[in-house]
Amino acid sequence: MNELANFESKATDFGNPNWVAFQTIVRTEVRRFTRIWVQTMIPPAITMTLYFIIFGSLIGRRIGEMGGFDYMSYIVPGLIMMSVITNSYTNVSSSFFGAKFGRFVEEMLVSPISNQTILMGYVLGGVARALAVGVIVTLVSMFFAEFSIHNIWAVVSITVLTAVLFSLLGFINGVYAKRFDDVSIVPTFVLTPLTYLGGVFFSIDLLPEFWASVAQLNPILYVVNAFRFGILGVTDVSLGIAYLILISVTVAAYLFALNLLAKGAGVRS
Amino acid sequence: MSYALEIEGLKKTYDNGFSALKGIDLKVESGDFFALLGPNGAGKSTTIGILCSLVNKTAGRVCVMGYDIDTHFPIAKRRLGVVPQEFNFNQFETTQNILINTAGYHGIPRSEAMPRIEHYLKRLGLWDKRHNPSRALSGGMKRRLLIARALIHQPDLLILDEPTAGVDIELRRGMWDFLTEINAQGTTIILTTHYLEEAEALCRNVSIINAGEIIANSSTKDLLASLHTVTFVCDLQASVFEVPSIPGYECVLADANTLEVEVDKGQTLNAVFQALTDHGVQVTSMRTKTNRLEELFVTMTSGSAA
């Protein structure tokens with residue numbers, strides 16, 4: 001009897017192979033960002049602490065109330081969402097681009113995994129990091145502001161939907177990226193400006209009518225305000241429209257990313 | 001007869017218009033040890049890239065173990081293992097984790113993967129390095145890791161794209177033994193290599209691809225039989241400084257004490273010795289030139305058929 005025949009079963013004998021593959025991708029992704037926790041978990045905590053000290057404590061005292069809450073409490077939801085958005089996006093874009101750059105993405109491409117499994121595995125990895133950082137930032141904010149949760153379902157659903165959406169967008173960025181610079185361009189030149197203008201630090205009621213209308217074209221405005229509703233119970237936008245936009249864009253991003261994988265964009269010649 | 005690989009009318013034209021494959025047909029029998037040879041840019045790696053889904057084909061049909069890679073891709077991929085030319089694993093992962101992940105991608109849970117990992121890493125001399133990051137391995141170890149990774153899901157068809165490139169002779173021989181053993185146990189092996197003595201020593205059947213077309217496809221034995229000449233390497237008793245001009249024989253002086261004589265098949269060696277003696281050349285020993293396949297390969301791919 002040959003020694004290889006000692007292994008009694010083949011890969012095909014193990015239940016649903018995609019489920020095992022999905023777990024493998026998620027485990028690898030989580031291990032990746034936890035292994036470099038000093039680079040992934042600590043910076044958001046430090047950045048948010050600085051935001052709370054500068055904008056909340058020092059400048060916020062002079063601003064007084066906003067939306068019926070003291071300024072420090074008002075900016076907490078936006079800052080948590082900012083962390084969720086940034087971390088979900090950068091986790092997936094840098095991880096997928098790194099796999100392309102190091103060519104170990106080919107390990108997945110030559111194996112019998114479905115494109116959906118690959119996509120969902122990376123997205124869940126991004127969601128995991130976003131939630132972990134979101135919790136850290138929330139804990140940090142508790143040192144600076146007092147707040148209670150107005151609607152837990154809104155908090156959970158908006159957080160998860162936002163993390164999924166920006167993980168998908170990060171994946172699309174990773175697919176198209178050809179250089180490391182391409183991975184940082186979108187967060188620097190698109191995400192950060194949109195986040196700052198998305199009502200993290202102010203209510204759009206403060207804007208002149210024209211700019212308030214323009215601001216409503218910014219999808220991050222809906223994310224921030226829907227989450228603020230979950231925490232504080234106040235919002236500048238309709239919650240229904242916020243969910244509609246968030247779900248629609250998420251579905252569109254999912255289908256687009258799946259189509260990119262099916263075509264082999266950026267990974268197959 | 002069952003085929004491990006069937007390729008029909010396979011074409012690949014890249015976006016820049018370069019036609020890498022011009023409609024190749026190829027069949028590899030189950031259990032075969034097969035060589036796919038060709039010069040750089042001939043289309044070998046493109047063909048392998050299409051087989052393992054890293055290159056999108058323009059036209060044609062490919063079946064692995066009878067399963068079409070388009071319509072039955074999960075089954076086809078489960079039966080296929082690929083050892084690529086370049087190191088394409090995560091340099092920051094440990095040797096063991098790379099294999100655990102690859103097993104996972106093939107649907108093999110960690111508990112089932114571990115005995116296989118232990119087996120292959122021990123067999124390939126990497127067990128002591130299982131906790132080392134892959135970037136810390138030597139070039140030869142990385143090559144062996146690629147082989148272990150390709151075998152972890154126990155494929156029926158193993159494709160190796162120049163597996164012994166840059167590997168020292170001792171290690172190369174060890175890899176030959178291992179591949180021969182795997183093949184004897186039933187795994188079909190397709191090999192591309194630049195070391196043609198490797199193909200001659202290991203492979204029962206050979207295809208030569210050139211400029212995107214298959215220009216030869218037969219058993220190694222038949223292909224070598226198509227050589228019309230045999231080259232003998234003669235060690236000379238006394239130094240010779242001028243190539244002797246012997247009618248009917250092509251002579252090349254490798255060095256002052258070594259003469260290569262190309263002899264048409266059908267001519268007797270007695271005639272060769274007689275001609276050499278007549279020209280005052282004394283031979284102390286003689287052997288056939290080993291890289292016969294290389295001669296054929298060079299002749300065929302340079303445009304003039306043998």
Side-chain angles (χ1 to χ4, degrees), chain A residues 1-33 35-36 39 95-96 98-118 121 260-269, chain B residues 12 14-15 20 46 49-56 72-82 84 86-93 97-98 100-113 115-116 119-120 123 134 149-156 159 181-182 184-187:
Chain A
M1 184 179 179
N2 74 54
E3 55 184 332
L4 295 180
N6 289 334
F7 301 120
E8 290 174 357
S9 47
K10 289 243 172 192
T12 45
D13 301 331
F14 300 113
N16 181 357
N18 274 313
W19 174 239
V20 179
F22 174 72
Q23 290 174 307
T24 304
I25 298 171
V26 174
R27 192 177 57 233
T28 306
E29 284 300 291
V30 171
R31 200 171 56 223
R32 191 189 72 87
F33 74 75
R35 189 168 49 199
I36 50 170
Q39 295 172 47
S95 177
F96 191 73
K100 265 173 54 176
F101 186 79
R103 295 188 58 181
F104 51 91
V105 70
E106 292 175 7
E107 290 177 343
M108 279 181 274
L109 298 178
V110 303
S111 61
I113 317 177
S114 69
N115 290 330
Q116 289 200 52
T117 305
I118 295 174
L260 287 178
L261 270 179
K263 286 195 299 189
V267 289
R268 294 191 176 102
S269 51
Chain B
K12 174 63 186 177
Y14 286 98
D15 291 341
T46 300
I50 290 171
L51 296 184
C52 60
S53 312
L54 296 177
V55 176
N56 292 325
H72 294 84
F73 90 92
I75 308 176
K77 282 182 171 180
R78 268 181 217 129
R79 280 159 172 75
L80 178 68
V82 179
E86 291 174 34
F87 305 127
N88 65 346
F89 41 70
N90 189 341
Q91 302 282 329
F92 296 98
E93 282 286 10
N97 277 345
I98 286 169
I100 290 172
N101 289 345
T102 301
Y105 299 150
H106 282 86
I108 304 165
R110 184 192 176 99
S111 57
E112 301 292 338
R116 297 184 187 199
H119 169 78
Y120 287 117
R123 182 65 186 78
S134 61
R149 190 184 65 176
L151 289 170
I152 202 70
H153 61 290
Q154 295 183 282
D156 297 309
I159 298 177
E181 178 188 318
I182 296 284
Q185 289 163 2
T187 305

* Leading residue by heavy atom contact count with chain B [cutoff under 4.5 Å; candidates A:Lys263, A:Arg31, A:Gln23] -> A:Arg31
* Go through B:Leu151, B:Leu51, B:Asn97 and name the one with the most non-hydrogen pairs under 4.5 angstrom from chain A. => B:Asn97
* Answer whether the closest heavy-atom distance between the side chains of B:Ile98 and A:Glu107 falls below 4.5 Å. => yes
* Asked: Checking heavy atoms, do the side chain of B:Asp15, its backbone, both or neither come under 4.5 Å from chain A?
  -> neither
* Asked: Looking at residues at least two apart in the chain, or sitting in another chain, which of them share a side-chain contact (heavy atoms from CB on, under 4.5 Å) with A:Thr24?
  -> A:Val20, A:Arg27, A:Thr28, B:Asn101, B:Tyr105
* To do: Mind ranking B:Phe87, B:Phe92, B:Phe89 by heavy-atom pairs under 4.5 Å with chain A and telling me who comes out on top?
  => B:Phe89
* **Region of B:Arg110 in contact with chain A, defined by heavy-atom distances below 4.5 Å** => neither
* Structure fact -> Cut-off 4.5 Å, heavy atoms of chain A, and the answer for B:Ser53 is both
* **Which portion of A:Val110 sits near chain B, non-hydrogen atoms under 4.5 angstrom** => both
* Asked: Are B:Tyr120 and B:Gln154 side-chain neighbours, meaning at least one heavy-atom pair lies under 4.5 Å?
  -> yes
* **Check: B:Pro84 and B:Arg149 side chains under 4.5 Å, non-hydrogen atoms** => yes
* Structure fact -> Sorted by chain and number, sequence neighbours left out, side-chain contact (heavy atoms from CB on, under 4.5 Å) with B:Val55 holds for A:Ser269, B:Lys12, B:Tyr14, B:Thr46, B:Ile50
* **A:Arg32 side chain near A:Glu29 side chain, heavy-atom distance below 4.5 Å** => yes
